[in-house]
Every structure is written in C-alpha cells, then in structure tokens.
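We count ligands from 1, going down the list as the structure has it; atoms in each ligand are counted the same way. All values below were derived from every heavy atom in this structure, side-chain atoms included, with hydrogens, water molecules and symmetry-related copies excluded.
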Amino acid sequence: MASIGIAGAGLLGRLLAWRLSRAGHRVTVFDPAGQAAPAFDGHGAAAFSAAGMLSPVAELESSSPGVARLGLRSIALWRDITAALPGRSHFAQRGSLLLAHRSDLGAAERVLERLRQAAEPGLAAEALDPARLREIEPAIAGIAHAWFLPGEGQVDALGVMAGLFEGALGVHWRFGSSVVRIEPGRLQAQGQDWQRFDTVFDVRGVGAKPDLPVRGVRGETVWLHAPGLKLERPLRLLHPRHRVYIVPRPGDELIVGASQVESEDRSPVSLKTAVELMTAAHSVLPQLSEARIVRLDRNLRPALPDHEPHSDIGDGLVRINGLFRHGWLLAPALVEDALAAARLVAAPQPQPLPAQA
Ligand SMILES: Cc1cc2nc3c(=O)[nH]c(=O)nc-3n(C[C@H](O)[C@H](O)[C@H](O)COP(=O)(O)OP(=O)(O)OC[C@H]3O[C@@H](n4cnc5c(N)ncnc54)[C@H](O)[C@@H]3O)c2cc1C
C-alpha cells in the first residue's frame, strides 16, 4: 500500500483517487475549490462544464488517430467504471449523429472526408436517409443530411464527477487547498508545510502553470431545459463557420456547445456565442423555441502546445495534462496506463481494438 498525494480534484484527480483507493492505497486530494460540487463560476474543474461526449471519430476532425485509439479504449473502460459507481447509470453508447443543412453539404463533405481518411476501418460515418433518421432519432425532422457514427458514446459528466467523489472510499479530500509546489515525493499547499507521499500526481489542468507549458482554451455552453423533447444521442451540426453540438442530459436537459476561443478569459458567456449556439441549435430542433435557459457556462480546456495529452511518469511524481477538448474521451485509458507504468496497479492486458467500440 502506498501513500498518494493528488493535486487537483477535477476529472483526472477524481478518477485517480477512485481507482487508487480501490487498489488499496492511502489517497489525499488537494483542490482550491471550496467543495466537491460545481460552482459554475468559470473557475472550477473544466470537467464540470463538459458535455461528456465520447467522440473518438467525430473529434478526428481536429485530433490525431492516437487520440481516437485512446478514446476507443476509454469508452470500454467507462462502461465498467460507471457500472461500479453509486447511483444510476451515467453512461450510454448509442452512437452520435452528424447533421448538415442543405446549403452546407459542401462544408460537411469536407469534414466527412477528413474523418474517412483518419478513422480506423469500420468506424466511418454512415449516411442516413430520412426514413432511417426518423427511425433512430424521431425528434429531428427537416434536416437535409445526416450521418451516423455508431461507436460513439456519452457520459453524464456531473453524475460521474459526483459518483467518483462519493465512490472513492477512504480518500481524504482537502478542498480549499491550492497546491503551490510539487516535487517528487512531496507537495506543498498554500500556507502549509511540505507534505510527503510515496507518489505525487500533478493533475491541476490549467493550474499546472508554470510547471508545464499548459494554456487554457475558453469554451462556452448553453444549458437548456426542454421537457418533452426526447433526444437519444449527441448531435453535431456541420456548419461552414460554427461547430455546434447538442447533447442530451438527464432531467430533460440539453447542453449546446461550444465555442473555442484562444483566451484564458473566465468571465461570463458573450452575447455573440450565446446567440450563435442557440440559433444553430434552434435550426436543427425548432421545438427548442420554448426551452428554458438553465445556465450559460464557460471554462478553460487545458491544452499543451501540440494539443496532445501527455503523461510524464517519474519516480515519485506523475504529471498528466493536455487533455484539451477530449478529457472525458481520454481520461480512463490515460489513468490506467499511468498507474500501470508507476506500478500502482497491475498492467492492463493488451486487447485487440474492436472494429466498433
Ligand atoms: C465547454 C467544455 C466542453 C467540453 N466537452 C467535452 C466533451 O464533450 N468530451 C470530452 O472528452 N471533453 C470535453 N471537455 C474537456 C474536458 O472537460 C477536459 O479535457 C478535462 O476536464 C480535463 O481534465 P483535467 O482533470 O486535466 O482538468 P480539470 O477537469 O480542469 O481539473 C483540474 C483540477 O485542478 C484543480 N486545480 C487547479 N489549480 C490547482 C492547484 N494549484 N492546486 C490543486 N488543484 C488545482 C482545479 O480546481 C480542478 O479541479 C470540455 C471542456 C469544456 C471547457
């Protein structure tokens, strides 16, 4: 049994705490947030602001095949992790839809071609005719073009964050503690002495600056309540100027997102983004006219210069960062690999990739 200190109670921090506590280690987690629940003030974990899409193929538009491979592994891991969490299931794998209006077919075809070139065989988008679209997603009517990505999934990000916190039995949570210095085998929280651990994890996201060359990339979302609108899976509108997704959440809610702005501005959502997101969502689902706006949210995605995730496994210190726009897609596989490399859990058995996750 090892003593473990974790800086950051975001997505990676909670997943590590949950996994390490189940493996029998003594775990302490530090985070400047005042409590485990989200404040939606733009300052907490990016994980709370995420739509929770697990989109290895759709994300290939802007990510590498390596990200897609990690994502396919993570989807299988999420299925098992979420099944072990308290409460109802927070995982679904019903595929996702790419949609385009008639006038935007050219722009959509360019995206689809990029996905075709980058995706593993068997994972490419399948064109849907109107009858098939009505059959699998009856809420969508009147959209000219649709494609199905069968292997994609989603998690309820808020439910999983709460479940990992509640399910990580015996973990010491130090909320209100900002870690200011980290070295192999020890860390220092603001105003406190150094604390020793066998292994320290630095998973502070954007807060790992300046130890890592990480930057925040602003993302804004609109959360809607739309009772009666039954959406089974995430939708993405392929639009020449905007990339807009609509993701169903428990309780008849939807998340419409997301902007991607090269800025570490954590101030409230701009009118421009709110109007663009809501206009695009309404163009796909006119039934949203009477939806209620629950929240306008924003946060910073932690990105390293190459936009790839990086794990640095040293003796007594492990850093994982750069999950950017794919944290939920990547976290379980990255955590399993890091823990195996640090010899804190048994190494995962190599498994052949499924043709469709
Ligand atoms: C709008 C939006 C939508 C997104 N949608 C998706 C999606 O659909 N699918 C997907 O896969 N990904 C999505 N993401 C990305 C995903 O949320 C991130 O990649 C992921 O949260 C990164 O995980 P992390 O643990 O590295 O960082 P975070 O989740 O940000 O957690 C970092 C933690 O470190 C803490 N911290 C900061 N400084 C310190 C310090 N000094 N000491 C101790 N702790 C500290 C923070 O308080 C926070 O709790 C989205 C992100 C945004 C913003």
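Each of the atoms 23 (O), 25 (O), 29 (O) of ligand 1 lies under 4.0 Å from some heavy atom of Leu11. With ligand atoms numbered from 1 in the order given, ligand 1 contributes 3 (C), 5 (N) to contacts under 4.0 Å with heavy atoms of Tyr245. Under a 4.0 Å criterion applied to the non-hydrogen atoms of His326, ligand 1 contributes the atoms 10 (C), 11 (O), 12 (N). Near Gly207, meaning under 4.0 Å from one of its heavy atoms, ligand 1 places the atoms 37 (C), 38 (N). Contact atoms of ligand 1 toward Gly52: 7 (C), 8 (O) (distance under 4.0 Å to a heavy atom of the residue). Listed by number with element, the atoms of ligand 1 under 4.0 Å from a non-hydrogen atom of Ser178 are 40 (C), 41 (N), 42 (N). Below 4.0 Å from some heavy atom of Ala47 lie the following atoms of ligand 1, by number and element: 17 (O), 21 (O), 29 (O). Applying the 4.0 Å criterion to heavy atoms of Phe30 picks out, from ligand 1, the atoms 43 (C), 44 (N).
Residues Leu300 and Leu323 are members of separate hydrophobic clusters, defined by side-chain heavy-atom contacts under 4.5 angstrom among Ile, Leu, Val, Met, Phe, Trp and Tyr. The cluster map of Ile, Leu, Val, Met, Phe, Trp and Tyr, joined by side-chain heavy atoms under 4.5 Å apart, puts Phe197 and Leu20 in different clusters.
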Item checked: Intermediate values then yes/no, salt bridge (Lys or Arg N to Asp or Glu O under 4.0 Å), Arg204 and Asp31 -> CA-CA 8 Å; Arg204 291 174 292 172; Asp31 197 291; over 6 Å; no
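In this structure, Gly257 has no heavy atom closer than 4.0 Å to ligand 1. At least one heavy atom of Thr221 sits less than 4.0 Å from an atom of ligand 1.
For ligand 1, none of its N or O atoms has an N or O atom of Gly13 under 3.5 Å away. Between Leu329 and ligand 1, a contact under 3.5 Å exists for at least one N or O pair. Geometrically, ligand 1 and Gly327 share a nitrogen or oxygen pair separated by less than 3.5 Å.
For atom 7 (C) of ligand 1, the choice among Arg14, Met53, Glu220, His43 with the nearest heavy atom turns out to be Met53. Here atom 47 (O) of ligand 1 lies nearest to Asp31 when heavy atoms of Asp31, Leu300, Val29 are compared. Relative to atom 53 (C) of ligand 1, the option among Gln154, Arg181, Arg301 with the closest non-hydrogen atom is Arg301. The residue among Ala50, Pro309, Ser74 with a heavy atom at the shortest distance from atom 17 (O) of ligand 1 is Ala50.
Residues Ile81 and Leu164 meet the side-chain proximity criterion, which asks for heavy atoms closer than 4.5 Å. Using a 4.5 Å cut-off on side-chain heavy atoms (C-beta onward), Glu183 and Leu317 make no contact.
Of all protein heavy atoms, the one closest to atom 25 (O) of ligand 1 is Leu12 N, 2.9 Å. Atom 41 (N) of ligand 1 has its closest protein heavy atom at Val179 O, 3.0 Å. Among all protein heavy atoms, the one lying closest to atom 18 (C) of ligand 1 is Phe324 O, 3.6 Å. With respect to atom 12 (N) of ligand 1, the closest heavy atom belonging to the protein is Arg325 O, 3.1 Å. The protein heavy atom nearest to atom 2 (C) of ligand 1 is Ser49 O, 3.8 Å. The protein heavy-atom contact nearest to atom 37 (C) of ligand 1 is Arg204 O, 3.4 Å. In this structure, atom 44 (N) of ligand 1 lies nearest to the protein heavy atom Pro32 CD, 3.2 Å. With hydrogens left out, the protein atom closest to atom 31 (O) of ligand 1 is Gly10 CA, 3.2 Å, a heavy atom.
Here the shortest heavy-atom pairing between Ala331 and Leu12 reads CB-CD2, 4.1 Å. What you find for Phe148 and Ser96 is that their closest heavy atoms are CD1-O, 3.4 Å. Heavy atoms only, all atoms of each residue included: Ala157 and Ala47 are closest at CB-O, 3.7 Å. Of all non-hydrogen atoms in Trp223 and Arg249, the two that sit nearest each other are CZ3-NE, 3.4 Å.
Between Arg215 and Glu262, at least one side-chain N (NZ, or NE/NH1/NH2) sits under 4.0 Å from a carboxylate O, which counts as a salt bridge.
With a heavy-atom cut-off of 4.0 Å, Ala51 touches ligand 1 through backbone and side chain alike. For Val180, no heavy-atom contact with ligand 1 is shorter than 4.0 Å.
A donor-acceptor contact closer than 3.5 angstrom is absent between the side chains of Gln192 and Gln188. Remark: the Glu253 side chain and the His225 side chain contain no N/O donor-acceptor pair separated by less than 3.5 Å. In the model, Arg186 has no side-chain atom that pairs as donor or acceptor with a side-chain atom of Gln195 under 3.5 Å.
Residues Trp18 and Phe165 place their aromatic rings such that the two centres sit no closer than 6.0 Å.
Apart from Phe324 itself, the hydrophobic cluster it occupies contains Val217, where clustering links Ile, Leu, Val, Met, Phe, Trp and Tyr at side-chain heavy-atom distances under 4.5 Å.
Partners of Glu61 under the side chain to side chain contact (heavy atoms under 4.5 Å, CB included) rule, at least two apart in sequence or in another chain, are Val111, Arg114, Leu115, Arg243.
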